[in-house]
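Just so you know, ligand 1 is whichever comes first in the structure, and atom 1 is the first atom listed for that ligand. For the numbers below, each heavy atom of this structure counts, side chains included, while hydrogens, waters and symmetry mates do not. Quantities reported herein were computed from a predicted structural model and do not represent experimental measurements.
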Amino acid sequence: MSAPLEAAPSATLPAGGLPRLNRQLRPVPKAPVRIVHLGLGAFHRSHQAWYTQQASDSADWGIAAFTGRRPDAAVVLAEQDGLYTLVERADEGDSFTVLGSIVEAVDGADLERLTTLVAAPETAVVTLTITEAAYGLGADGQLDVNAPDVAADLARLGSGGGRPATPLGRLVLALAARRDAGSGPIAVVCCDNLSNNGTVARQGVAGFARAWDPGFATWIDANVSFVSTSVDRITPRTTDQDLAAVREACGYRDESPVVAEPFSSWVLSGDFPAGRPRWEDAGALFVADIEPYENRKLWLLNGAHSLLAYAGQLRGHTTVAEALADPECRRAVEAFWDEAETNLPAAVDLQVTAYREALLSRFSNARIAHNLAQIAMDGSTKLRMRAVPVLQAERAAGRTGAGAALMIAAWMDYSAAATSFQDPLGGDVAAANRLQGTERTKALLAVVDPALSGDDGVVALLEGLCGTVAGHSAPL
Ligand code: CS2
């Protein structure tokens, strides 16, 4: 295993006089690009880039990472030759490591570079962190080709030479270049928090391809392996204080450090027809059936996060650690976990008791300052993975599912109270909130799951739970 590159604590230099982090200051070798990543953000850098650097064959595996909507993250990182500091923030203190597995940081709009790299025979893997909402699937699980951004991209692709703007549209264009170059099979690895995320990515990419050129969709079926993964590492947004902490501890200026908890996990399932780094050297787990691991993580970790994000903010809290310290929120989390746990498969030893205990301690890491407002975003998509399956399973078993329903009820209350509410279906949520009583509850539920909104028992349950997360009068 390659040794992590520890930043040397040093320097009493004034901040302004500090040298900038780059490959001259830290001569980290630059591996050739064999991985293309879409969605250059903090999570990619604390997770997949970290695993790649820890692999024993890291010298062979460089990452070219493309941004999403804005070029900013690529600009800052490119100024540092892709280098950045990973601050691992434990209860006991911080440790600082320079990561260098990202060898190119590129504006996502640079389609020439994207197609060149994806078409190159050396490129073996495309990883994705493009957010849950970006897969554009309708309620039937297929790509919604009528969604405005998808339709616009299809028109651009159809015109030949048009420049797609969504991550999937760009990926499809780049995969077509790979087919044309005859560079052979490749793996697409979805690293967004979705159940069955490999299948979701397949539906999205194949749906785009089919609507553009059915022959190309056949090539995708035969040549692109969609790997499912469950990814985990709590990575809050970097703050100015974090930049100062790096300057202070490392004696250089890093304009783009990443802060994460020490814990990390990656479970993967699927084929890598053109090879992959030895991520298992850093603890990644390769399994045949990923669903139990996915559900454990999506329900227990992400579900609790969403519950705390809505209930916690309604009760006046700002961070995960603060919300969990509130006995009412803690009780709600435990009640939801009890329901979720009952519905996890017993066949695989998921060590749920230990997992729950570990989560309590990870969430209580007050030094991490994980903002509830950050987690609250895109709730309509997130609740579909985090609350709905547990609610449905509980009701199918003849129980109420009140623990899971409270997450949805708190989201409903929050959607009406929040001054800044961010969601891909924000317009529908606002329209629903202009209705009253049962009509409002039904309309809000329909945004999350249209089928559930026809279930009078669930609607009544939610109506009873709305407004019960008491306690806060100031505007959110
Ligand atoms: C969080 C996740 O923002 C959110 O929705 O629940 O980003 C969570 O922190 C990660 O999945 C942890 O691995």
Side-chain angles (χ1 to χ4, degrees), residues 39 41-51 68 86 88-89 127-135 190-195 197 200 228-238 258-268 282-285 290 293-313 317-321 323-324 329 333 336-337 340 355-356 358-388 390 404 407-408 410-411 414 418 420-424 448:
F43 181 70
H44 168 65
R45 297 194 288 136
S46 76
H47 192 271
Q48 302 101 64
W50 180 82
Y51 277 88
L86 173 68
E88 288 181 284
R89 183 152 290 168
T127 50
L128 305 175
T129 53
I130 57 178
T131 78
E132 290 93 322
Y135 292 86
C190 178
C191 302
D192 285 296
N193 286 316
L194 294 152
S195 34
N197 59 9
V200 171
S228 280
T229 72
S230 175
V231 291
D232 193 3
R233 187 166 216 180
I234 292 172
T235 308
R237 221 169 255 147
T238 307
V258 175
V259 178
E261 62 174 340
F263 176 93
S264 81
S265 136
W266 199 3
V267 188
L268 304 96
L285 193 63
I290 198 158
Y293 298 93
E294 265 173 358
N295 288 345
R296 180 181 67 176
K297 197 260 168 171
L298 278 170
W299 297 350
L300 298 180
L301 188 151
N302 297 114
H305 258 176
S306 289
L307 184 50
L308 292 171
Y310 305 122
Q313 289 190 91
H317 305 303
T318 307
T319 66
V320 171
L324 192 68
C329 291
V333 166
F336 170 67
W337 278 352
Y355 192 89
R356 283 173 60 157
L359 280 184
L360 288 175
S361 113
R362 291 170 66 194
F363 287 174
S364 306
N365 179 347
R367 299 190 63 245
I368 277 283
H370 198 184
N371 271 316
L372 296 170
Q374 183 185 345
I375 298 168
M377 288 187 303
D378 297 350
S380 65
T381 314
K382 290 177 178 177
L383 291 175
R384 270 177 223 150
M385 319 290 153
R386 303 176 181 195
V388 170
V390 176
M407 194 191 313
I408 303 177
W411 170 78
Y414 173 80
S420 150
F421 182 80
Q422 200 176 312
D423 194 282
V448 176

Notebook entry, point to check: By number and element, which atoms of ligand 1 are closer than 4.0 Å to a non-hydrogen atom of R233?
Noted result: 12 (C), 13 (O)

Margin query: Suppose we measure from atom 1 (C) of ligand 1 to each protein heavy atom; which comes out shortest, and what is that distance?
Written below: H305 ND1, 3.4 Å

Check: Using a heavy-atom cut-off of under 4.0 Å, does the side chain or the backbone of R386 touch ligand 1, or both, or neither?
Finding: side chain

Next item on the list: With heavy atoms of H370 as the reference, note each atom of ligand 1 found under 4.0 Å away.
Entry: 9 (O)

Note to self: List ligand 1 atoms under 4.0 Å from K382, heavy atoms only on the residue side.
What the structure shows: 3 (O), 4 (C), 5 (O)

Margin query: I need the minimum non-hydrogen distance between H47 and S265, along with the two atoms involved.
Written below: NE2-O, 2.8 Å

Check: Do the ring planes of W266 and Y51 sit parallel (below 30°), tilted (30 to 60°) or perpendicular (above 60°)?
Finding: perpendicular

Check: Who's the nearest protein heavy-atom neighbour of atom 12 (C) of ligand 1, and how far?
Finding: D232 OD1, 3.3 Å

Notebook entry, point to check: Quick one: salt bridge (charged side-chain N to carboxylate O under 4.0 Å, His left out) pairs with a partner in residues 360-370, sequence neighbours left out?
Noted result: D94-R367, D232-R362, E261-R362

Checklist line | Full working for side chain to side chain contact (heavy atoms under 4.5 Å, CB included) between K297 and Y355 | finding: CA-CA 9 Å; K297 197 260 168 171; Y355 192 89; 3.5 Å; yes

Next item on the list: For atom 2 (C) of ligand 1, state which one of D378, N302, V231 supplies the nearest heavy atom.
Entry: N302

Taking only distance into account, with no hydrogens and no angle test, what donor-acceptor pairs under 3.5 Å do side-chain atoms of residues 369-377 form with protein atoms, sequence neighbours excluded?
unit_1	atom_1	unit_2	atom_2	d
Q374	OE1	R237	N	3.4

Checklist line | Intermediate values then yes/no, side chain to side chain contact (heavy atoms under 4.5 Å, CB included), V258 and W50 | finding: CA-CA 11 Å; V258 175; W50 180 82; over 6 Å; no

Check: Can you find a heavy atom in the side chain of V200 that is under 4.5 Å from one in the side chain of C190?
Finding: no

Margin query: Under 4.0 Å, heavy-atom basis, I'd like to know which part of N193 is in contact with ligand 1: side chain, backbone, both or neither.
Written below: side chain

Notebook entry, point to check: Quick one: nearest non-hydrogen protein atom to atom 11 (O) of ligand 1, plus distance?
Noted result: K297 NZ, 2.6 Å

